[in-house]
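Okay, so here's the structure we're looking at.
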Protein chains: 2
Amino acid sequence: MTLTGFLPVTDVTACCNPIAREAISAGNATNLAKSLRALADPARIRLISMVAAHEDAEACVCDLTEPLGLGQPTVSHHLKILVDAGFLSRTKRGTWAYYRLIPGSLDSVARLLVTV
Amino acid sequence: MTLTGFLPVTDVTACCNPIAREAISAGNATNLAKSLRALADPARIRLISMVAAHEDAEACVCDLTEPLGLGQPTVSHHLKILVDAGFLSRTKRGTWAYYRLIPGSLDSVARLLVTV
DNA sequence: CACCAACATTGACAAACGTCGATATCGTCG
DNA sequence: CGACGATATCGACGTTTGTCAATGTTGGTG
């Protein structure tokens, strides 16, 4: 299980029923695990949360570094993982890179976990 | 971030709003990350899925080892992580240990991810 | 009691991860 | 053009992870 070689999360989750409803295939389990792994870090959860809750629902790296308490390269690293996994989008305007939550991306993961 | 020192997932998720609704605290992000980390492995996703989909919604280690293609100690290891994280319960009957999905545990994680 | 089967625990090892400092890239402003 | 500011990439490091073989534990059975 590496964090490299993602499918965007919406592709991953278009595949199957909630995992508790019927036995998931090995391949789909691997894909879902990759998406979850991208989320399974405190810094990345906070990044998603901060981006979504930020003014205009977008934020640049400079908005995130200080409140997160991590260095700029580390923040860029985490953001890249979230972009590659399909949770965030990146838009460059001037010198700044603005990140946004991709609508529905978290929901498609949630849909696979839910049992009701 | 270690996989040891869990709170049961239902405690973790009783804490807060969906992460995209308002900025999550560092502590709650750490707890949610621990729960997600317990799920973020292909073998463990398949275990949850197989247990939930199994006859009578329970399964023993011997039911899981062979279809999963992993050794018995490895399967026990993964099951312990899922029990500690509050996703599975363990009941011993005779020589066998039966695992069940704890109702609502997956849903409480899903509730924190969902945005709609 | 002695043996066996199911499961848990331990110890070891390679692979992957999170973080950082240093450096590279790219757009802006003088 | 040259300097600067925001961000990305690289290389390195200590830590955590997933897996296995070997061993321990516990309950049933002869």
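Please read all numbers here as calculations on a predicted model, not as lab measurements.
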Compile the donor-acceptor pairs under 3.5 Å between side chains in residues 69-77 of chain A and protein atoms, sequence neighbours left out, one pair per line.
{"unit_1": "A:Gln72", "atom_1": "NE2", "unit_2": "A:Ser76", "atom_2": "OG", "d": "3.4"}

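- One donor-acceptor pair, N or O on each side, does fall under 3.5 Å between the base of C:dA8 and the side chain of B:Gln72.
- For the side chain to side chain contact (heavy atoms under 4.5 Å, CB included) test with B:Ile24, the passing option among B:Leu112, B:Ile19, B:Asn17 is B:Ile19; the others fail.
- Close to D:dG18, at under 4.0 Å from its OP1 or OP2, lies a side-chain N or O of A:Arg37.
- Regarding contacts with the backbone of C:dT19, a side-chain N or O of A:His78 is found under 4.0 angstrom from either OP1 or OP2.
- Taking atom CD1 of A:Ile81 as the reference point, atom C1' of D:dA8 lies 14 Å away to the nearest angstrom.
- Of the candidate nucleotides C:dT19, C:dT9, C:dA8, C:dT9 has the atom nearest to the side chain of B:Lys80.
- Summarising the geometry, the separation between CD1 on B:Ile45 and P on D:dG18 is reported as 12 Å, rounded to the nearest angstrom.
- For the segment residues 55-65 of chain B, residues with any heavy atom less than 4.0 angstrom from an atom of DNA chain C are, sorted by number, B:Cys60, B:Val61, B:Cys62.
- Annotation: the span from B:Leu36 atom CG to A:Leu39 atom CG amounts to 6.0 Å, rounded to 0.5 Å.
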Under 3.5 Å, sequence neighbours excluded: what are the donor-acceptor pairs made by side chains of residues 60-67 of chain A?
{"unit_1": "A:Asp63", "atom_1": "OD2", "unit_2": "A:Cys60", "atom_2": "N", "d": "3.1"}
{"unit_1": "A:Thr65", "atom_1": "OG1", "unit_2": "A:Val61", "atom_2": "O", "d": "3.0"}

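- Between B:Tyr99 and the phosphate of C:dA8, there is a side-chain N or O to OP1/OP2 separation shorter than 4.0 Å.
- The separation between A:Glu66 atom CD and D:dA6 atom C1' is 16 Å, rounded to whole Å.
- Following rounding to the nearest Å, B:Leu79 (CG) and D:dG18 (P) show an atom-to-atom distance of 13 Å.
- When the C1' atom of D:dT19 is taken as reference, atom CG of B:Leu68 falls 12 Å away, rounded to whole Å.
- Heavy-atom minimum distance, A:Ala23 versus B:Ser49: CA-OG, 3.1 Å.
- Here the closest heavy-atom approach between residue A:Tyr99 and residue A:Val83 is recorded as CE2-CG2, 3.6 Å.
- The shortest distance between the side-chain N/O atoms of B:Arg44 and the OP1/OP2 oxygens of D:dG18 is below 4.0 Å.
- Atom CG of A:Leu82 and atom C1' of C:dG18 are 14 Å apart (whole Å).
- A donor-acceptor distance shorter than 3.5 angstrom exists from the side chain of A:Arg44 to the backbone of A:Ala38, with no hydrogens or angles considered.
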Enumerate, atom names and distances included, each donor-acceptor pair closer than 3.5 Å involving a side-chain atom of residues 86-98 of chain B, sequence neighbours excluded.
{"unit_1": "B:Arg93", "atom_1": "NH2", "unit_2": "B:Glu58", "atom_2": "OE2", "d": "2.8"}

(Q) A:Arg111 vs A:Asp107, test: side chain to side chain contact (heavy atoms under 4.5 Å, CB included). Steps then yes/no. (A) CA-CA 6 Å; A:Arg111 193 173 51 78; A:Asp107 304 280; over 6 Å; no
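- One finds no side-chain N or O of B:Thr74 lying less than 4.0 angstrom from the OP1 or OP2 phosphate oxygen of D:dT19.
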Atom pairs under 3.5 Å: protein N/O with N/O of nucleotides 1-3 of chain D:
none

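- In this structure, the side-chain contact (heavy atoms from CB on, under 4.5 Å) partners of B:Ala20, at least two apart in sequence or on a different chain, are A:Ala52, A:Leu101, A:Leu106, B:Thr115.
- Atom CG of B:Leu39 is separated from atom P of D:dG18 by 12 Å (rounded to the nearest Å).
- Taken to the nearest 0.5 Å, the CD1 atom of A:Ile45 stands 8.5 Å off from the OG atom of B:Ser35.
- Counting to the nearest Å, the C1' atom of D:dA21 and the NE2 atom of B:His77 are 15 Å from each other.
- Of the candidates D:dA8, D:dC20, C:dT19, the closest approach to any side-chain atom of B:Leu70 belongs to D:dC20.
- Contacts of residues 88-97 of chain A with DNA chain D (heavy atom under 4.0 Å): A:Arg90, A:Thr95, A:Trp96, A:Ala97.
- In the hydrophobic clustering of this structure, B:Ile48 groups with B:Met50; members are Ile, Leu, Val, Met, Phe, Trp, Tyr whose side-chain heavy atoms approach within less than 4.5 Å, directly or through other members.
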